[in-house]
Amino acid sequence: MTRPETDTAAVLKAAQDNLWLHFTRHSAHDAAQVPTIVRGDGAYIYDLNGKRYLDGLSGLFVVQMGHGRAELAEAAAKQAQDLAFFPLWSFAHPKAAELAQRLAGLTPGDLNRVFFTTGGGEAVESAWKLAKQYFKLVGKPLKHKVISRAIAYHGTPQGALSITGIPAFKQFFEPLVPGSVRVPNTNHYRADEITGMPGMSPEQFGRWAADQVGKAIEMEGPDTVAAVFVEPVQNAGGCFPPPPGYFQRLREICDQYDVLLVSDEVICAFGRLGTMFGGQKFDYVPDIITCAKGLTSGYSPIGAMIASERLFEPFKSGATMFAHGYTFGGHPVSSAVALANLDLFEREDILGHVQRNEPVFRATLERLRDLPIVGDVRGSGYFYGIELVKDKDTKQTFDEAESERLLRGFLSNALYDAGLYCRADDRGDPVVQLAPPLICGPKEFDEIESILRSVLTEAWNRL
């Protein structure tokens with residue numbers, strides 16, 4: 001659908017003159033239009049000029065049920081008519097209460113207490129604050145530090161950014177919240193470099209990587225460490241799944257030192273890995289889950305920190321209060337949309353669909369390994385990264401200038417121009433990330449592979 005010419009010109013001018021885009025080099029749009037998406041339908045999005053693109057990133061790991069679902073829009077409209085807004089500050093409203101109960105029934109273990117936010121970064125922020133206050137209330141006031149992994153992204157608020165392991169994202173906002181400690185991530189493709197001990201099996205690497213968390217706790221002092229923050233599959237760096245046994249060992253270490261295990265599932269929850277929560281895919285039960293994105297399939301903003309019952313225990317009596325909250329946390333409209341979204345998950349067996357199609361998605365992407373530029377294909381569920389290399393035999397990566405030319409100078413625009421919206425990223429080694437809507441199947445997988453094959457071949461020829 002093409003918009004009238006006058007509307008198009010006005011929108012593009014407003015985007016150029018007034019809109020401040022997120023994580024964007026505005027100089028890139030000095031001589032070109034700001035890419036502007038006007039509608040979506042299923043797995044596809046359409047720009048201002050009517051061109052269609054396959055949404056290979058679910059917006060931003062968000063649109064699980066695809067675009068244009070009338071049921072979700074109708075749920076929002078109905079709730080807005082009944083109760084458009086009321087805060088959860090000493091009051092409840094029915095949709096937030098119902099959603100909290102629904103989520104508690106889906107989580108593993110005794111994670112029954114749901115603290116709503118409006119997004120993932122706020123959920124991470126809330127988890128760190130809860131960890132600090134919880135340990136003060138139980139007589140361990142020195143426990144305040146957190147451990148997270150290299151290159152891991154946990155959000156942009158000051159606390160969440162402190163936990164984030166990407167120096168370039170942090171340098172302009174220093175000083176940040178003190179007490180964040182970094183350990184190695186689980187990129188087995190680069191295990192030889194990470195460990196300095198070539199030839200580790202995935203199981204050996206998993207044990208080694210988890211043990212680094214224990215060593216960090218010992219180094220900092222167990223009485224000072226409150227929590228470990230990890231994603232089930234690490235996003236930044238390019239979709240690092242956990243090696244076998246990693247999370248089981250990590251759970252043992254956290255229990256040994258009385259440290260909370262926080263599973264940051266802002267991306268990995270709600271079917272992205274084929275399970276409702278990411279930890280269920282890898283058989284571990286955390287103390288806190290942080291989530292957002294896919295809970296409403298992006299049709300309205302919401303996030304949540306879900307805590308185990310024991311962490312709520314000190315807040316149940318007396319004058320104790322968690323002095324923390326957000327105006328729009330648990331918004332009635334967002335809560336109603338989330339409930340409708342979870343209904344769709346059940347009605348259309350989305351988890352089963354992802355589980356059945358994950359091997360097909362993986363196998364389709366694995367076909368790209370015959371390209372000289374493709375070093376690794378990794379991930380889980382509908383969440384994959386393709387690492388690009390200069391030499392497959394040595395795993396030699398690109399230097400900073402080459403990566404700049406490859407990703408921003410060519411790949412990002414070329415993939416988009418070819419009809420695929422995805423992410424070409426260099427927070428770590430250069431990767432292309434893919435996370436299509438959970439309604440996708442072999443037809444969309446083949447389209448993704450075909451576009452990637454063409455564009456990556458051209459990228460290699462340009463090198």
Side-chain angles (χ1 to χ4, degrees), residues 88 90 92 96-97 99-117 120 122-148 154 159-160 163 179 210 213-214 216-217 220-232 247-266 268-269 275-292 303-325 329-330:
L88 295 179
S90 301
L99 180 58
Q101 183 182 52
R102 184 89 168 263
L103 291 172
L106 295 169
T107 52
D110 71 339
L111 280 82
N112 299 326
R113 294 291 174 170
V114 182
F115 184 95
F116 286 116
T117 67
E122 291 176 357
V124 170
E125 199 86 358
S126 302
W128 193 1
K129 290 179 78 171
L130 174 60
K132 287 180 175 181
Q133 186 171 356
Y134 168 77
F135 281 117
K136 286 178 172 61
L137 292 173
V138 298
K140 298 184 177 182
L142 296 182
K143 277 183 170 286
H144 70 283
K145 296 176 185 174
V146 295
I147 294 171
S148 60
H154 291 285
I163 299 171
V213 176
I217 293 171
E220 295 298 319
D223 290 343
T224 72
V225 179
V228 175
F229 281 71
V230 285
E231 299 161 276
F247 275 111
Q248 288 66 42
R249 177 61 183 145
L250 193 55
R251 180 73 269 181
E252 291 175 359
I253 290 168
C254 288
D255 290 343
Q256 176 185 349
Y257 293 108
D258 192 17
V259 169
L260 304 183
L261 177 56
V262 181
S263 191
D264 184 355
E265 305 193 9
V266 171
C268 292
T275 49
M276 190 57 74
F277 290 97
Q280 293 164 326
K281 180 70 173 274
F282 303 111
D283 194 27
Y284 69 94
V285 179
D287 300 295
I288 299 174
I289 291 172
T290 57
C291 57
M305 173 192 70
I306 309 174
S308 73
E309 197 64 40
R310 77 179 175 97
L311 299 183
F312 184 72
E313 211 43 54
F315 296 90
K316 288 172 73 170
S317 60
T320 304
M321 173 179 65
F322 187 35
H324 177 59

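Numbering of residues begins at 1 and proceeds along the displayed sequence. Being a predicted model, the structure only gives us computed values, none of them experimental.
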**Request:** State, to 0.1 Å, how close His154 and Ala160 come at their nearest heavy-atom pair, and which atoms those are.
**Result:** O-CB, 3.4 Å
**Item:** Backbone N/O of Asp283 and side chain of Gln248: donor-acceptor pair under 3.5 Å
**Value:** yes
**Asked** Minimum heavy-atom separation for Val138 to Pro314, with atom names?
**Response** CG1-CG, 4.1 Å
**Complete:** In this structure, OG of Ser263 is separated from CZ of Phe277 (nearest 0.5 Å) by 10.0 Å
**Message:** Let me confirm one number: the NZ-CD distance from Lys281 to Glu265, rounded to the nearest 0.5 Å.
**Reply:** 12.0 Å
**Contact summary for Thr117 and Ser126, nearest pair of heavy atoms** = CG2-OG, 3.7 Å
**Asked** Where the side chain of Thr290 meets the backbone of Val124, is there a donor-acceptor pair that is under 3.5 Å apart?
**Response** no
**Asked** With distance as the sole test, does Glu122 use its side chain to make a donor-acceptor pair with the main-chain N or O of Met305 at under 3.5 Å?
**Response** no
**Message:** Quick check against the 3.5 Å criterion: does Glu231 have a side-chain atom that pairs as donor or acceptor with the backbone of Cys268?
**Reply:** no
**Asked** Aromatic rings Phe115 and His324: how do their planes relate, parallel, tilted or perpendicular, breaks at 30° and 60°?
**Response** parallel
**Complete:** Rounding to 0.5 Å, atoms OG (Ser308) and OH (Tyr134) come to a distance of 7.5 Å
**Asked** Atom NZ of Lys132 and atom CZ of Phe135: how far apart are they, to the nearest 0.5 Å?
**Response** 13.0 Å
**Item:** Stepwise side chain to side chain contact (heavy atoms under 4.5 Å, CB included) check, Ile253 with Val228
**Value:** CA-CA 10 Å; Ile253 290 168; Val228 175; over 6 Å; no
**Message:** For Asp258, give me all partners under salt bridge (Lys or Arg N to Asp or Glu O under 4.0 Å), at least two apart in sequence or on another chain.
**Reply:** Lys140
**Message:** Going by side chain to side chain contact (heavy atoms under 4.5 Å, CB included), Val114 matches just one of Ile289, Ile306, Thr107, Leu99. Which one?
**Reply:** Ile306
**Request:** Go through Tyr257 and Val225 one step at a time and tell me if the side chain to side chain contact (heavy atoms under 4.5 Å, CB included) criterion holds.
**Result:** CA-CA 9 Å; Tyr257 293 108; Val225 179; over 6 Å; no
**N-O pairing of Glu313 and Arg310 below 4.0 Å** = no
**Asked** What's the spacing between Glu220 CD and Ile147 CD1 if we round to 0.5 Å?
**Response** 7.0 Å
**Message:** Can you give me the closest heavy-atom contact between Gly120 and Val266, atom names plus distance?
**Reply:** CA-CG2, 3.6 Å
**Request:** Show the numbers, then the answer: is there a side chain to side chain contact (heavy atoms under 4.5 Å, CB included) between Val285 and Leu261?
**Result:** CA-CA 9 Å; Val285 179; Leu261 177 56; over 6 Å; no
**Request:** Could I get the full list of side chain to side chain donor-acceptor pair (under 3.5 Å) partners for Arg251, not counting sequence neighbours?
**Result:** Asp255, Asp287
**Within-4.5 Å side-chain heavy-atom neighbours: Pro286 and Phe247** = no
**Minimum heavy-atom distance Ala226-Ala131, with the two atoms named** = CB-CB, 4.2 Å
**Prompt:** Within a reach of under 6.0 Å around CD of Gln101, are more than 12 heavy atoms found that belong to other residues, nucleotides or ligands?
**Reply:** no
**Prompt:** Please walk me through it: do Phe116 and Leu88 pass side chain to side chain contact (heavy atoms under 4.5 Å, CB included)?
**Reply:** CA-CA 9 Å; Phe116 286 116; Leu88 295 179; 4.0 Å; yes
**Message:** Once you measure the plane-to-plane angle for Phe315 and Phe322, does it fall in the parallel (<30°), tilted (30-60°) or perpendicular (>60°) bin?
**Reply:** perpendicular
**Request:** Measure the spacing between CD1 of Ile288 and CG of Leu130 and express it to the nearest 0.5 Å.
**Result:** 4.5 Å
**Check: Asp223 main-chain N/O paired with Lys143 side-chain donor or acceptor under 3.5 Å** = no
**Request:** Kindly write out the residues that satisfy side chain to side chain donor-acceptor pair (under 3.5 Å) with Gln256, not counting sequence neighbours, or none if the list is empty.
**Result:** none
